[in-house]
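So the structure is just underneath, and the comments pick up after that.
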Amino acid sequence: MSFRLRVCLLATLAGLCACASTPVQWSSPEGRPKPPPAREINPLARPDAAHAVAIVGATLVDGRGGPPVRDAVVVVRGDRIVAAGARGATDVPAGAEVVRGEGLWVLPGLIDAHFHIADDDGLPGLVLQRGVTSLRDPGNWIETYDDARRLGPVPRLFLTGPMLDAPGAAYPQASMLARDAVEARWAVEQLVERGASAIKVYFRLPLGLVEAVAQAAHERGVVTVAHLETVDAAAAVRAGLDGIEHITSLGTALVPPREAERYRQSVIADNEARFPGRYEVFRGISLKAPRTAELLRLLAARGTFVTPTLAIFERRAGDEGATDAEVRGFENMMKLTGEARRAGVRVVVGSHGEVPGAERGWAYQREMELLVESGLSPMEVLVAGTLENARFFRADDRLGSVEPGKLADLVLVAGDPLADIRAMRRVKRVMLNGRWVALPQGDQPLSDEPLTSF
């Protein structure tokens with residue numbers, strides 16, 4: 001039985017309850033064919049295995065969707081979480097570094113499914129200070145991160161290498177070209193050998209080559225994601241795609257074929273046509289149309305991950321230069337994102353790195369806020385940014401939740417993110433691999449112990 005057929009037959013989606021007191025249920029990875037675990041390209045130094053840290057008194061959101069645990073204790077020894085639970089049921093080891101957590105919330109480190117460095121070598125280190133402990137850049141040569149890594153600590157880097165595209169590539173310097181199936185398979189082999197933990201296809205690659213890439217990637221135990229503009233999303237998913245980057249990638253599958261083809265031909269003729277064209281497409285979509293429900297059912301049944309990256313498309317009435325098409329189109333992008341989650345689609349969080357509606361370093365938090373505005377509950381967004389993203393990365397064996405045995409990537413924030421997701425901007429401490437990350441200038445440590453940093 002083929003990989004795609006097994007996924008179709010075995011993937012199940014459970015219902016989702018929006019209230020914070022009930023666990024958020026996501027489709028279980030159990031019983032599905034699962035590629036081998038992925039690894040970051042920057043293995044982190046391990047701290048002293050005997051050193052213990054105990055975060056005492058914070059409210060714990062463990063990333064799995066269950067109700068928060070108030071007055072919790074989280075114990076880290078070396079690079080691993082060894083205990084997490086209510087204070088009365090969780091011992092604090094003798095000699096542990098104690099961090100006072102009263103008034104704070106402790107969560108798994110945030111995972112960013114769609115980050116671009118964009119010639120800003122300091123940005124990865126900055127978003128680490130903002131709580132993003134793992135990221136995937138879907139479309140840049142792996143060596144692009146060399147200078148960022150030399151500047152100081154950065155998140156765990158799960159990279160795809162350059163995008164696979166056809167001649168006429170929109171971003172030739174960040175692409176490898178594939179003109180036929182042989183070249184497509186060869187490119188996959190090259191990228192996996194260099195450390196790619198996923199493969200990204202770009203919008204000029206025709207459907208037949210998308211299928212060839214997905215097959216080659218699956219043979220190597222790697223997932224395939226795509227930015228789609230000229231390829232129908234439903235056809236690409238049936239061809240073996242594991243993840244879709246950008247809510248706009250669904251556009252041509254949501255409008256009548258004549259309109260989709262007109263847009264497709266305009267983008268093939270001119271890469272720049274997609275910038276105004278995608279808003280025009282989304283202004284005209286119908287959330288009630290049968291084709292919309294059919295697409296969302298397909299995405300849910302296949303377990304396809306969707307990274308909306310709403311923040312990069314944000315256009316609001318009153319924004320300088322925003323057109324009516326952009327404003328109405330963006331409104332429908334948010335509505336579709338909410339409909340997708342309610343239909344059981346595996347929505348995850350990706351920041352795009354820099355976005356118009358957020359200051360440098362805060363794009364991830366802006367994306368979380370837009371997802372809540374789109375209709376996801378704060379708990380759904382927190383799961384989407386932690387354990388569900390870890391599943392997308394194929395790293396949920398060690399990342400994405402606060403539970404014994406997982407790696408100690410943690411973030412502490414001031415305020416209740418379940419009541420107001422904007423609390424995720426009030427980052428007070430970040431731990432990466434069991435070691436505290438140096439705080440931005442002006443912030444203060446929360447314990448009497450000296451701060452351990454890289």
Side-chain angles (χ1 to χ4, degrees), residues 35-47 79 108-164 174 176 188 190-200 217 220-225 242-243 245 305 307 309 348-354 360-361 363-364 367 385-386 389-400 406-411 430-435 437-438 453-454:
R39 293 285 179 253
E40 60 269 46
I41 59 103
N42 57 329
L44 303 177
R46 298 181 65 182
D79 62 354
L110 304 175
I111 300 174
D112 191 339
H114 191 112
F115 176 91
H116 292 302
I117 194 169
D119 298 320
D120 185 350
D121 292 330
L123 188 57
L126 179 60
V127 300
L128 173 61
Q129 295 175 340
R130 305 303 189 218
V132 175
T133 54
S134 296
L135 64 82
R136 178 155 67 204
D137 188 327
N140 241 318
W141 293 89
I142 288 174
E143 52 267 36
T144 302
Y145 279 79
D146 289 352
D147 287 341
R149 294 168 65 183
R150 282 191 283 267
L151 288 176
V154 296
R156 300 177 191 274
L157 302 175
F158 295 82
L159 306 181
T160 69
M163 303 168 282
L164 300 188
M176 289 181 70
V188 170
Q190 292 291 307
L191 294 176
V192 172
E193 289 299 321
R194 295 174 185 174
S197 55
I199 302 295
K200 182 185 179 183
R220 293 299 304 266
V222 170
V223 298
T224 303
V225 303
D242 302 290
E245 309 296 302
F305 293 90
T307 312
T309 65
V348 291
V349 185
S351 72
H352 208 274
E354 292 187 85
R360 178 173 176 265
Y364 191 97
E367 182 70 12
T386 55
N389 247 341
R391 290 169 178 158
F392 189 21
F393 281 36
R394 301 169 8 261
D396 54 299
D397 61 321
R398 58 201 180 96
L399 301 174
K406 292 289 185 81
L407 289 171
D409 290 359
L410 303 170
V411 57
V430 178
M431 177 177 281
L432 177 65
N433 210 47
R435 304 173 73 182
V437 175
S453 61
F454 293 81

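Since we're looking at a predicted model, the values are computed, not measured.
Remark: Phe393 pairs with Phe158 by the ring-ring contact (aromatic ring centres under 6.0 Å, His included) rule, at least two apart or across chains. By the salt bridge (charged side-chain N to carboxylate O under 4.0 Å, His left out) test, Arg194 is found to be paired with no residue, residues two or more places apart in sequence or in another chain being considered. The side-chain hydrogen bond (donor to acceptor under 3.5 Å, both in side chains) search around Thr309 returns His246, not counting sequence neighbours. Evaluation of the salt bridge (charged side-chain N to carboxylate O under 4.0 Å, His left out) rule for Glu40 yields Arg156, Arg398 as partners, not counting sequence neighbours. Partners of His352 under the side-chain hydrogen bond (donor to acceptor under 3.5 Å, both in side chains) rule, at least two apart in sequence or in another chain, do not exist in this structure. Applying the salt bridge (charged side-chain N to carboxylate O under 4.0 Å, His left out) rule to Arg46 yields the partners Asp79; only residues at least two apart in sequence or on another chain are considered.
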Chi angles and distances behind the side-chain contact (heavy atoms from CB on, under 4.5 Å) call for Ile117, Asp121: CA-CA 7 Å; Ile117 194 169; Asp121 292 330; 3.9 Å; yes
side-chain contact (heavy atoms from CB on, under 4.5 Å) between Leu164 and Lys200, intermediate numbers included: CA-CA 6 Å; Leu164 300 188; Lys200 182 185 179 183; over 6 Å; no
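Annotation for Tyr364 and Ile111: closest pair OH-O, 2.9 Å, computed over non-hydrogen atoms. Contact record, Ala408 with Met431: O-CG, 3.3 Å, taken as the closest heavy-atom pair. Considering all non-hydrogen atoms of both residues, Gly221 and Arg394 come closest at O-NH2, 2.9 Å. Across all non-hydrogen atoms, the minimal contact from Pro124 to Pro155 is O-CD, 3.1 Å. In terms of heavy-atom proximity, Glu367 sits nearest to Gly350 at CG-O, 3.3 Å. Taking all atoms of both residues into account, the shortest heavy-atom contact from Thr307 to Val349 is CG2-C, 4.2 Å.
Atom CG of residue Asp112 and atom CG of residue Asp137 lie 9.5 Å apart, to the nearest 0.5 angstrom. For the atom pair Ile142 CD1 and Leu159 CG, the distance stands at 5.5 Å (nearest 0.5 Å). In this structure, the separation between NE2 on His114 and CZ on Arg136 is 10.0 Å, given to the nearest 0.5 Å. To the nearest 0.5 angstrom, Asp120 atom CG is 12.0 Å from Asp147 atom CG. For the atom pair Asp396 CG and Thr386 OG1, the distance stands at 11.0 Å (nearest 0.5 Å).
Counting only heavy atoms from C-beta outward, the side chains of Gln129 and Val430 never approach each other to under 4.5 Å. The shortest side-chain heavy-atom distance between Ile41 and Arg149 falls under the 4.5 Å cut-off. Counting only heavy atoms from C-beta outward, the side chains of Leu123 and Phe115 approach each other to under 4.5 Å. For the pair Tyr145/Val154, no side-chain contact is recorded, criterion being any heavy-atom separation below 4.5 Å from C-beta on.
Proximity of a side-chain donor or acceptor of Arg391 to a complementary backbone N or O of Gly400 within less than 3.5 Å is not detected. Counting only distance, with no hydrogens or angles, the side chain of Asp409 and the backbone of Leu399 share no donor-acceptor pair below 3.5 Å. Without hydrogens or angle criteria, Thr224 side chain to Ile199 main chain gives no donor-acceptor distance under 3.5 Å. Using modelled atom types, no side-chain atom of Asn140 and backbone atom of His116 make a donor-acceptor pair closer than 3.5 Å.
In Asp146, the CG atom is crowded: over 12 heavy atoms of neighbouring residues, nucleotides or ligands sit closer than 6.0 Å.
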